[in-house]
Amino acid sequence: MTLPILAESVRLDDEGVHILDRRVFPFKREWLLCRTSEEVAVAIEDMVTQSSGPYFAALGAMVLAAREASGLADPRAYLRRAGERIVATRETNNHLRKAVAAVLSEVDKSAGDLVEAATAGARAGDELYRSRSRALGAHAADLVPDKATVLTHCWADLYLVELVLAARRQGKEFSFLCTETRPYLQGARLTAETLAEMGADTRLITDGMGAAVLSSGEVGALVTAADRVAMDGHVVNKIGTLGLAVAADAFGVPFYAMVQAPDQATPTGADVPIEYRDGDEVLSALGHRVASERVRGHYPAFDVTPPRFVTAVVTDRGAFEPGRLREYYAEGEANQ
């Protein structure tokens, strides 16, 4: 099966990094061309791409930075500064740090051409992320019974795509309920559209309907991605995940949080920096104002779900109860 367009939404070529603009998808399919690493950083900050999209954009940005560094007195120092700029664009999700590290690791090993080394690092980082997502999807599919209705929140990107593909390889078929995910409506525009593109039975609900559908007995599992999972089992994800997890626990529905690996650099949930975006962003939806000029907005972009509300953290090495995440590293360090 051809992958959905959002699974291939960042492309690097001689011109620069092409990013499918998720802010207007699916109504328009517009590609933003970023010719410099700084332009990629701004695109990530401006929500042109989200979820794992920034990971692939960051890989491309580091190649652009290597091209920009040609001829400078200290090109490797320039590349590291560019990496710091990319990582700072969205500080809660550590995908960006991993992407930058993948490129710098290859550069540090190479005594040859900087651009060639950066390109090799970006290619290796891309392939590794995709292979680990496939493994993660298979482990998640193992946990969900055939014919189950799955409740999602926000956009789980390649994790969700690989979950559907793995389930079909196992002879399973799921139906989906997708939250709309205010204020950027990623669930409505990205998740629901991609699942429908893949032929999955897909229904959309507003964010306020989650507890009600969980209470109905229809939902077999709440499945989301995680922007980061701390070693103590706290799950950090798009704002609204916490409320759904609490409701799922109240009504006996398992909550599976998908992440390639728990973050060893984050001992506890309190160690994760939570991004607060401009409150004005919640005052509009798809460019239309929803509140008067007298109202101010408040926008924490992520929330933290305590481990007691998490059934399992599903990784590329299998599913782990949140209190047993250190077992993930019993096999040794993950590549990234």
In residues 26-34, what donor-acceptor pairs under 3.5 Å come from side-chain atoms, sequence neighbours left out?
none

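Under the 3.5 Å distance criterion, the side-chain polar atoms of Thr241 are matched with a main-chain donor or acceptor of Lys238. Between the Thr315 side chain and the Gly318 main chain, a donor and an acceptor come within less than 3.5 Å of each other. In terms of modelled atom types and a separation under 3.5 Å, the side chain of Arg189 and the main chain of Arg22 share a donor-acceptor contact. In terms of modelled atom types and a separation under 3.5 Å, the side chain of Asn94 and the main chain of Arg97 share no donor-acceptor contact. In this structure, the side chain of Asp303 engages the main chain of Gly240 through a donor-acceptor pair within 3.5 Å. At distances below 3.5 Å, at least one donor-acceptor pair connects side-chain atoms of Glu39 with backbone N or O atoms of Arg35. Thr149 contributes no side-chain N or O that, together with a main-chain N or O of Val219, makes up a donor-acceptor pair within less than 3.5 Å. Checked by atom type and distance alone, the side chain of Thr202 pairs as donor or acceptor with a backbone atom of Ala200 at under 3.5 Å. Judged by distance alone, the side chain of Lys172 and the main-chain N or O of Val144 form a donor-acceptor pair under 3.5 Å.
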Open item on the list: Evaluate Glu218 against Arg203 for salt bridge (Lys or Arg N to Asp or Glu O under 4.0 Å), listing each step before the verdict.
Closed with: CA-CA 13 Å; Glu218 177 183 3; Arg203 289 174 289 163; 2.3 Å; yes

- [ ] Run the numbers on Arg168 and Glu173 for salt bridge (Lys or Arg N to Asp or Glu O under 4.0 Å), then give the verdict.
- [x] CA-CA 6 Å; Arg168 289 176 177 170; Glu173 196 69 38; 3.0 Å; yes

- [ ] Walk me through it: do Glu84 and Arg81 pass the test salt bridge (Lys or Arg N to Asp or Glu O under 4.0 Å)?
- [x] CA-CA 5 Å; Glu84 292 170 358; Arg81 288 195 299 272; over 6 Å; no

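His153 and Thr224 are not linked by any side-chain donor-acceptor pair at a separation below 3.5 angstrom, with hydrogens and angles left out of the test. Under the 3.5 Å distance criterion, with hydrogens and angles disregarded, a donor-acceptor pair is assigned to the side chains of Glu68 and Ser37. Remark: the Asp316 side chain and the Tyr328 side chain contain an N/O donor-acceptor pair separated by less than 3.5 Å. Using modelled atom types and a 3.5 Å distance limit, the side chains of Gln170 and Asp142 yield a donor-acceptor pair. No side-chain donor from either of Gln186 and Ser51 sits under 3.5 Å from a side-chain acceptor of the other.
Tyr184 and Phe25 are assigned to two separate hydrophobic clusters, defined by single-linkage of ILVMFWY side chains at heavy-atom distances under 4.5 Å. With hydrophobic clusters built from ILVMFWY side chains whose heavy atoms lie under 4.5 angstrom apart, Phe309 does not share a cluster with Val259. Ile239 and Val246 fall into different hydrophobic clusters, where Ile, Leu, Val, Met, Phe, Trp and Tyr side chains are chained together by heavy-atom contacts under 4.5 Å.
Side chains of Leu204 and Thr179 form no contact here, defined as non-hydrogen atoms less than 4.5 Å apart. In this structure the side chain of Met47 reaches within 4.5 angstrom of the side chain of Arg277, judged on heavy atoms. Residues Val115 and Thr119 form a side-chain contact, since some pair of their non-hydrogen atoms from C-beta on lies under 4.5 Å apart. Taking 4.5 Å as the limit, some side-chain heavy atom of Arg130 sits within range of a side-chain heavy atom of Phe56. Counting heavy atoms from C-beta outward, Leu114 and Arg76 have side chains that approach closer than 4.5 Å. Within the 4.5 Å cutoff, side-chain heavy atoms of Leu3 are placed close to those of Leu165. Contact of the Val223 side chain with the Leu151 side chain is not registered, since no non-hydrogen atoms from C-beta on lie closer than 4.5 Å. With contacts defined as side-chain heavy-atom distances shorter than 4.5 Å, the pair Val10/His18 does not qualify.
Summarising the local packing, CZ of Arg289 is surrounded by more than 12 heavy atoms from other residues, nucleotides or ligands at distances under 6.0 Å.
Residue Ala192 comes nearest to Ala188 through the heavy atom pair CB-O, 3.5 Å, listed as atom of the first residue, atom of the second, then distance. Counting all heavy atoms, side chain and backbone alike, Pro183 lies closest to Glu281 at CB-O, 3.5 Å. Closest approach of Gly210 to Leu244, counting heavy atoms only: CA-CD2, 3.6 Å. Closest non-hydrogen pair, Leu79 versus Val107, comes out as CD2-CG2, 3.8 Å. Here the closest heavy-atom approach between residue Pro322 and residue Thr311 is recorded as CD-O, 3.8 Å. When all heavy atoms are compared, the tightest approach of Arg90 to Glu275 is NE-OE1, 2.6 Å.
A side chain to side chain contact (heavy atoms under 4.5 Å, CB included) with Phe176 is found for exactly one of Thr191, Val150, Asp201, namely Val150.
Between Tyr129 and Tyr55, the ring center distance clears the sub-6.0 Å criterion.
The CG atom of Asp271 sits 9.0 Å away from the CZ atom of Arg228 when rounded to the nearest 0.5 Å. Rounding to the nearest 0.5 Å gives a distance of 12.5 Å between CD of Glu106 and CE of Met62. Distance CD1/Ile205 to SG/Cys178: 8.5 Å, rounded to 0.5 Å. Distance check, rounded to the nearest 0.5 Å: CD of Gln260 to OH of Tyr159 gives 4.0 Å. Taken to the nearest 0.5 Å, the OG1 atom of Thr305 stands 4.5 Å off from the CG atom of Leu242. Atoms CZ and CG, on Phe255 and Leu214 in that order, are 11.0 Å from each other to the nearest 0.5 Å.
For the pair Arg326 and Phe320, the cation-pi criterion (under 6.0 Å, within 45° of the ring axis) is not fulfilled.
Applying the salt bridge (Lys or Arg N to Asp or Glu O under 4.0 Å) test to pairs two or more places apart or on separate chains, those with a residue in residues 43-62 are Glu45-Arg85.
Ile274 shares a hydrophobic cluster with Val236, Val272, Tyr276, Phe302, Val304; the chain of contacts runs through ILVMFWY side chains whose heavy atoms sit under 4.5 Å apart.
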